[in-house]
Amino acid sequence: MGNYYGKGTINFDNAPSVHSYASAVGPKEGQGPLADYFDYIGEEAALGEKSWEMAEVILQKSAFRSALEKGQLAETDISFIFAGDLLNQCTCSSYGIRDFDIPFIGLFGACSTMAESLALASVFVESGLAQNAAAMTSSHFCSAERQFRMPVNYGGQRTPASQWTATAAGCVVVAPRKAPPYVRAATFGKVTDMGVKDVNNMGGAMAGAAYETISTHLANTQQSINDFDMILTGDLGKVGSGLLIDLFKRDSVDIARVHADCGLMLYKISEQDVHAGASGCGCSASVLCGYILKRISEGKLKNVLFTATGALMSPTMSQQGESIPAVAHAVHISAE
Amino acid sequence: MKITNQEYNEMLKASSPNTKLHMTLPKAFIIGGFICVIGEVFLKLYERYGAGRETAAMLTSITLIAVSAILTGFKLYDKIAKHAGAGTIVPITGFANAVVAPALEFKTEGFILGVGAKMFIIAGPVIVYGIAASVFYGLIYYISGTVPV
């Protein structure tokens, strides 16, 4: 049974295993530098569906089915599924899972959902409440644009600090300890509001939350950045990554040495016209489930602090003049 | 180390890239100007084929709106607008794009609650305040007898 350190951190004494994982992405992501690692790459953004929402549903279904297949599991082997996405009512998760006969726990943590769901699935497995628990999330550029911003074909200009919502999904199945990668610890972050009001600068709104959660995790577990070969943030992009490094510099910590950001890994930043990088639940989900977990399985990465960040942006509240709260959750994934 | 929101926002401002005005302004000017030239060409053409000045101007507007709507439908207008910015938003073509884009986007929710209800989601405020301003001007004109400049 795990230990609770207080202040949001849970240590997993039994260190449950990441049993299997899979990712599914759209065409733009399929042209990015991580293309070889994804399990499914769609040929066009709509993925043959009539709506963007249904296209995102397909991504979740595909990631989930691949994760089951790769783990040689049947649907009935999964005790619980933790899933969420960016859309109102967690639409794509509930529609993605409705065809499966599995207890569903819907989550909203914006782009932090991959870490949030993975941490919760690990808690359930660690405590013996679940044999296998799945964690899943997705986002789709077009479904997010139409809900949060403008219709896709509207001729507006995106600002230099804006990020590109990834069309992607990722799914992890957590099981009792057997083989690496192991989930060693997790920190659930607090809602952190740095007073940022620019809805086109998500990285800027989230960097404070990432700093808060990473610092808390290190303090609670009495670790330093030297204990990790990678501190991986979810989707801070160029602006947020720079800010995170500056925030740690104030503490005389050179996080840049071990810091990587999924938002800067998913696309060829200079060629694919994504401005400050990638964002969305699917960004950290696909980078984790496509590339990072594979690297940990192969032993090429030993200790990764996966810190997915979410801007809890509500268009309604932004229009009312409120600032954008953010949250970050950290999961320590290890090859040892 | 604790940081105040004010300090954070100063750091954010320093690290956020600004729009490159030396790039965006000339592009907006050239592409926006080019749209106006196309308008002039149509205007002259319609006049040459016998339309009066007012009819030719009306036909030019209709043509530009149609071209913009078609380009939006083929997903080309936003690709031009990406470079042009205000150059494609300010001319009448931008207004057409602002109506056609949501109409296409929300057709998945049906013709009533989708296309019908959402068509003016961007252009609506322009129409509301455009009409309000014209009523205001009309009143001044009615009272004073001259058009304020």
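Only a predicted model underlies this, so the values are computations on that prediction, with no experimental measurement involved. Below, chain A is the first sequence line, B the second, and so on; all start at residue 1.
Most heavy-atom pairs under 4.5 Å with chain A, from the set B:Thr72, B:Ile3, B:Ile121: that is B:Ile3. Chain B forms more heavy-atom pairs under 4.5 Å with one residue of A:Arg250, A:Lys238, A:Glu53 than with any other, namely A:Arg250.
Within residues 9-24 of chain B, the residues approaching chain A closer than 4.5 Å by heavy atoms are, in numerical order, B:Asn9, B:Met11, B:Leu12, B:Ser15, B:Ser16, B:Pro17, B:Asn18, B:Thr19. Within residues 88-97 of chain B, the residues having any heavy atom under 4.5 Å from a heavy atom of chain A are, by residue number, B:Ile89, B:Asn97. The contact list for residues 105-113 of chain B toward chain A, using heavy atoms and a distance under 4.5 Å, reads B:Glu105, B:Phe106, B:Thr108, B:Glu109 by residue number.
With a 4.5 angstrom heavy-atom cutoff, A:Thr159 does not touch chain B via any of its atoms. At a 4.5 Å heavy-atom cutoff, A:Asp198 makes no contact with chain B through either its backbone or its side chain. Only the side chain of A:Asn201 comes within less than 4.5 Å of a heavy atom in chain B; its backbone stays farther off. With a threshold of 4.5 angstrom between heavy atoms, B:Ile80 does not approach chain A through any atom at all. Both the backbone and the side chain of A:Ala207 come within contact range of chain B, judged by heavy atoms closer than 4.5 Å. If you measure heavy-atom distances from A:Glu145 to chain B, you find no contacts under 4.5 Å at all.
Within the structure, ring-ring contact (aromatic ring centres under 6.0 Å, His included) pairs that include any residue of residues 244-264 of chain A comprise A:Tyr211-A:Phe248 (at least two apart or interchain).
When all heavy atoms of A:Ala45 and A:Ala55 are compared, the closest pair comes out as O-CB, 3.8 Å. When all heavy atoms are compared, the tightest approach of A:Ser241 to A:Asp261 is OG-CB, 3.5 Å.
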**Request:** Tell me, with the steps shown, if B:Met119 and B:Val100 meet side chain to side chain contact (heavy atoms under 4.5 Å, CB included).
**Result:** CA-CA 7 Å; B:Met119 187 187 273; B:Val100 175; over 6 Å; no

**Item:** Residues A:Gln319, A:Thr316; criterion side chain to side chain contact (heavy atoms under 4.5 Å, CB included); working and verdict
**Value:** CA-CA 5 Å; A:Gln319 282 164 12; A:Thr316 305; 5.5 Å; no

**Message:** Show, in sequence, the C-alpha distance, side-chain angles and deciding distance for A:Ile225 and A:Arg257, and conclude whether the side chain to side chain contact (heavy atoms under 4.5 Å, CB included) test is met.
**Reply:** CA-CA 9 Å; A:Ile225 58 162; A:Arg257 217 159 35 80; 3.7 Å; yes

**Request:** Kindly determine whether A:Thr167 and A:Val25 satisfy side chain to side chain contact (heavy atoms under 4.5 Å, CB included), including the steps that lead there.
**Result:** CA-CA 6 Å; A:Thr167 300; A:Val25 302; over 6 Å; no

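Rounded to the nearest 0.5 Å, atoms OG (A:Ser318) and NZ (A:Lys197) are 9.5 Å apart. If you take OG on A:Ser323 and CE on A:Met313, they are separated by 12.5 Å, rounding to the nearest 0.5 Å.
Under the 4.0 Å criterion applied to side-chain N and carboxylate O atoms, A:Asp273 and A:Arg158 are not assigned as salt-bridge partners. Under a 4.0 Å N-O distance rule, the pair A:Asp254/A:Lys249 does not qualify as a salt bridge.
The closest side-chain donor-acceptor pair between A:Asp85 and A:Ser93 falls under 3.5 angstrom. For A:Glu212 and A:Thr192, the side-chain atoms include no donor-acceptor pair closer than 3.5 Å. A donor-acceptor pair shorter than 3.5 Å can be found between the side chains of A:Asn88 and A:Gln147. In the model, B:Gln6 has no side-chain atom that pairs as donor or acceptor with a side-chain atom of B:Thr4 under 3.5 Å.
Listed for the A:Thr233 side chain is no donor-acceptor partner under 3.5 Å among the backbone atoms of A:Leu236.
The only member of A:Leu86, A:Leu87, A:Leu59, A:Ile58 that meets side chain to side chain contact (heavy atoms under 4.5 Å, CB included) when paired with A:Cys92 is A:Leu87.
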